[in-house]
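Worksheet: the structure to be examined is printed underneath.
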Amino acid sequence: MRRALFRLPRVRIRAGFAVEIPTVALLVCLLCLASVYRLNLRPAPCSVCNVRDFGAKGDGVNPDTGAIQAAIDAASERRGAVVLLPPGRYVSGTLHLRSNISLRISKGAILVASPHDGDFDPYETPPSGSISRGPISWTFADKFRHRAASLYGAWLLHATVDNPDTTYTHYSLILGDHVSNIAIEGFGVIDGNRVMRGGPKLIALRNCRQVLIRGLTLRNAPSYNVSLLGSEHVDIDNLRILNGYADGIDPDNSRFVRIAGCYIDTWDDAICAKASLALGRRLATVNLVVTNCILRTSNNGLKFGTESEGDLRNARFTNCLILRRDRGRAPISGVAIESVDGGTVEHLVVSNVAMLGVRTPIFLRLGNRGRGTIERIPGQMRGIEIRNVVALDAMRPSSINGLPGFPIRDLTLANITVADAGTGRFAGLAVPELAESYPYAGMFGMLPAYSLYARHVQRLSISNWRDRRELPDPRPAAVFDAVSNLRVRGFHAAGAGRHPPIILRDVSRALIEGSSADRNPASVTSD
């Protein structure tokens with residue numbers, strides 16, 4: 001009986017063996033421990049590679065390119081690793097991003113572009129499809145051409161369809177080429193370290209996927225601050241771009257791009273979507289969103305073009321403020337949409353945009369420059385809506401310009417309020433076509449209207465357009481030339497002296513109602 005009290009219970013297994021329960025429990029524990037041990041042998045998925053551990057000085061004098069690149073390469077071996085730049089001033093040439101890493105520039109850290117052009121990757125060999133078959137249509141100032149030609153060979157600057165800033169990616173500070181799952185973030189600074197245009201891009205991503213750029217300050221960029229070429233699923237959030245000498249953010253042949261909450265102060269275009277031939281074939285920029293941004297520029301706030309060999313589709317620009325810079329000329333235009341190289345622009349919405357001190361609030365141009373084409377044929381521009389725009393202190397009228405036989409189609413302008421300076425002169429209704437010229441809002445000179453000029457448009461709808469002219473102007477408020485299916489509901493403007501506020505020329509199927517003009521009983525005339 002006593003022995004039975006101390007007998008351990010047994011478990012019988014199929015083969016006939018009997019195992020005591022404590023033995024089973026011990027085996028289970030050993031298996032669990034082995035499993036945990038195996039897991040602990042794997043590298044930590046979120047380890048941090050501090051660049052100082054790889055030899056970076058961060059003293060602003062000694063070059064840290066090699067140390068930072070070593071940290072990036074080490075992080076690439078551990079999926080999800082972070083490359084950390086702690087406070088300091090890191091001088092560097094081209095850094096090559098790897099997949100599955102995060103480059104984190106912490107508060108107090110400054111990544112500075114080396115002053116020596118030789119520290120950066122040279123221009124890559126362009127694909128054959130981006131080589132121009134005829135004379136180039138872009139020009140560079142002699143100082144830029146001489147500098148780049150001496151470094152990389154003059155043929156590169158004289159053979160490509162699009163200009164070098166658009167075509168080439170590798171001559172940059174932070175370079176990503178065919179990488180994915182990357183982040184460039186932090187509260188630090190990336191400094192281009194230049195005092196004029198001509199130098200490396202700050203961030204250039206080519207054929208990249210799953211990208212996050214967030215929180216940083218970019219300044220003194222001698223070329224594009226952020227260049228996206230053929231990239232997808234890119235989220236750019238809360239960037240500060242200061243004192244740029246070229247474009248701010250350029251999505252080119254890219255898809256699913258979101259630009260939000262950015263402050264951009266740059267001499268050239270603030271945000272410029274493109275569809276170039278830089279990848280050697282005609283591609284499109286599609287599914288683009290720009291929202292909640294403050295844009296300060298001397299050229300264009302929101303722009304598509306001039307590189308327009310491919311298409312722009314499904315884009316939204318909303319809730320943005322466009323201003324002039326503290327110094328320099330007033331912006332050429334607030335919103336500029338241009339297709340001059342055979343591309344199609346469609347399904348585009350611009351809404352809730354305020355502008356102050358912009359020369360031309362809205363500029364749409366369908367031209368026929370024909371970059372990269374064998375036979376010049378204009379593209380198409382259709383399905384565009386521009387709503388809820390306030391433009392104060394404008395200097396030139398908004399203008400919509402298609403071409404004979406190639407009109408802009410299905411355009412809606414709604415709830416537009418403009419305060420312009422006036423003081424123009426009326427020189428008649430004849431305006432040159434300039435089909436092959438470089439597109440910009442001032443290309444036609446003095447236009448015959450002081451608020452809105454539209455020519456070669458099919459199915460144009462305007463509702464609630466209000467103009468507050470500050471000084472006398474002898475021109476009519478609006479001129480519609482070669483427009484079909486025109487609908488105007490609520491056009492309110494000041495009178496124009498001896499000219500009626502609205503002039504129709506070669507207009508068919510027009511309905512104008514609910515419009516008014518101060519100090520002029522004749523509201524509309526048709527020529």
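This chain uses plain numbering: 1 for the first residue, then up along the sequence.
Within the 4.5 Å cutoff, side-chain heavy atoms of M355 are placed close to those of V335. Residues R396 and F444 form no side-chain contact, since every pair of their non-hydrogen atoms from C-beta on lies 4.5 Å or further apart. A 4.5 Å side-chain heavy-atom check between N287 and V257 finds every atom pair outside the cut-off. I249 has its side chain within reach of I236: a pair of non-hydrogen atoms, C-beta onward, lies under 4.5 Å apart. Within the 4.5 Å cutoff, no side-chain heavy atoms of R365 are placed close to those of Y440. Within the 4.5 Å cutoff, the side chain of P251 has no heavy atoms near those of the V234 side chain. Taking the side chain as every heavy atom from C-beta outward, R369 and T306 approach each other to under 4.5 Å. With a 4.5 Å cut-off on side-chain heavy atoms, D119 and T94 do not count as touching.
Looking at S254, its side chain does come within 3.5 Å of a backbone N or O of S231 through a donor-acceptor pair. Proximity of a side-chain donor or acceptor of N163 to a complementary backbone N or O of D165 within less than 3.5 Å is detected. Distance alone, capped at 3.5 Å, is enough to place a donor-acceptor pair between the R455 side chain and the V431 backbone. Within the 3.5 Å criterion, the main-chain N or O of S276 finds no donor-acceptor partner in the side chain of D162. Using modelled atom types, no side-chain atom of K274 and backbone atom of L229 make a donor-acceptor pair closer than 3.5 Å. For the pair R329 (side chain) and S298 (backbone), a donor-acceptor distance under 3.5 Å is present. Between the D311 side chain and the T344 main chain, a donor and an acceptor come within less than 3.5 Å of each other. For S308 (side chain) and D341 (main-chain N/O), a donor-acceptor pair under 3.5 Å exists by modelled atom type. In this structure, the side chain of R469 does not engage the main chain of S451 through any donor-acceptor pair within 3.5 Å. Judged by distance alone, with hydrogens and angles left aside, the side-chain atoms of N220 form no donor-acceptor pair with the main-chain N or O of N193 at under 3.5 Å.
Taking CG of D420 as the start and CG of L452 as the end, the distance is 11.0 Å to the nearest 0.5 Å. Distance check: Y245 OH to R197 CZ gives 12.5 Å after rounding to the nearest 0.5 Å. For the atom pair OG (S399) and CG (L447), the distance works out to 5.5 Å, reported to the nearest 0.5 Å. In this structure, CE in M381 is found 10.0 Å from CG in N401, a value given to the nearest 0.5 Å. Atom CD1 of residue I416 and atom CG of residue N388 lie 7.5 Å apart, to the nearest 0.5 angstrom. Remark: S463 OG to L413 CG distance equals 8.5 Å, nearest 0.5 Å.
A salt bridge does not link K201 with D247: every distance from a Lys NZ or Arg NE/NH1/NH2 to an Asp or Glu carboxylate oxygen is 4.0 Å or more. With respect to D235 and R258, a salt bridge is recorded, a charged nitrogen being found less than 4.0 Å from a carboxylate O. Salt bridge absent: D410 and R382 never bring a charged side-chain N and a carboxylate O closer than 4.0 Å.
Scanning both residues, P448 and P476, for their nearest heavy atoms gives O-CD, 3.1 Å. Smallest separation of non-hydrogen atoms from P407 and L366: O-CD2, 4.0 Å. Nearest heavy-atom pair across L429 and Y453 is O-OH, 4.5 Å. Residues D473 and Y450 share a closest heavy-atom pair of OD2-CB, 3.7 Å. What you find for E232 and R255 is that their closest heavy atoms are OE2-NH2, 2.9 Å. Considering all non-hydrogen atoms of both residues, P474 and R425 come closest at CG-CA, 3.9 Å.
For the 3.5 Å distance criterion, the side chains of T217 and R240 qualify, holding a donor opposite an acceptor. Under the 3.5 Å distance criterion, with hydrogens and angles disregarded, no donor-acceptor pair is assigned to the side chains of T291 and T318. Checking D121 against Y123 by side-chain atom types alone, no donor-acceptor pair falls below 3.5 Å. At a cut-off of 3.5 Å, with distance as the only test, a side-chain donor of N300 or S333 sits close to an acceptor on the other residue. For the residue pair N299/D269, the side-chain donor-acceptor check at 3.5 Å is not satisfied. At a cut-off of 3.5 Å, with distance as the only test, a side-chain donor of Y263 or R296 sits close to an acceptor on the other residue.
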Task: Chi angles and distances behind the side-chain contact (heavy atoms from CB on, under 4.5 Å) call for R282, T373 - done: CA-CA 10 Å; R282 293 179 183 271; T373 60; 2.9 Å; yes
- [ ] Any chance you could lay out the side-chain contact (heavy atoms from CB on, under 4.5 Å) test for S351 and F317, step after step, and finish with the verdict?
- [x] CA-CA 6 Å; S351 64; F317 302 95; over 6 Å; no
- [ ] Determine, stepwise, if the pair R459 / T412 fulfils side-chain contact (heavy atoms from CB on, under 4.5 Å).
- [x] CA-CA 9 Å; R459 294 185 294 277; T412 299; over 6 Å; no
- [ ] Quick one: do Y224 and T166 satisfy side-chain hydrogen bond (donor to acceptor under 3.5 Å, both in side chains)? Show the steps, please.
- [x] CA-CA 9 Å; Y224 301 164; T166 297; 2.9 Å; yes
Task: Worked verdict on I110 versus Y90 for side-chain contact (heavy atoms from CB on, under 4.5 Å) - done: CA-CA 6 Å; I110 306 175; Y90 303 87; over 6 Å; no
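Around the CZ atom of R376, the shell of radius 6.0 Å holds more than 12 heavy atoms that belong to other residues, nucleotides or ligands. More than 12 heavy atoms of other residues, nucleotides or ligands lie within 6.0 Å of CZ in F256, so this atom counts as buried by the packing criterion. Open room surrounds CZ on R468; 12 or fewer heavy atoms of other groups in view lie less than 6.0 Å from it.
Residues passing the side chain to side chain donor-acceptor pair (under 3.5 Å) test with N225: none are found, sequence neighbours excluded.
Using bins of under 30°, 30° to 60° and over 60° for the plane-to-plane angle, the ring pair F491/W465 lands in the parallel bin.
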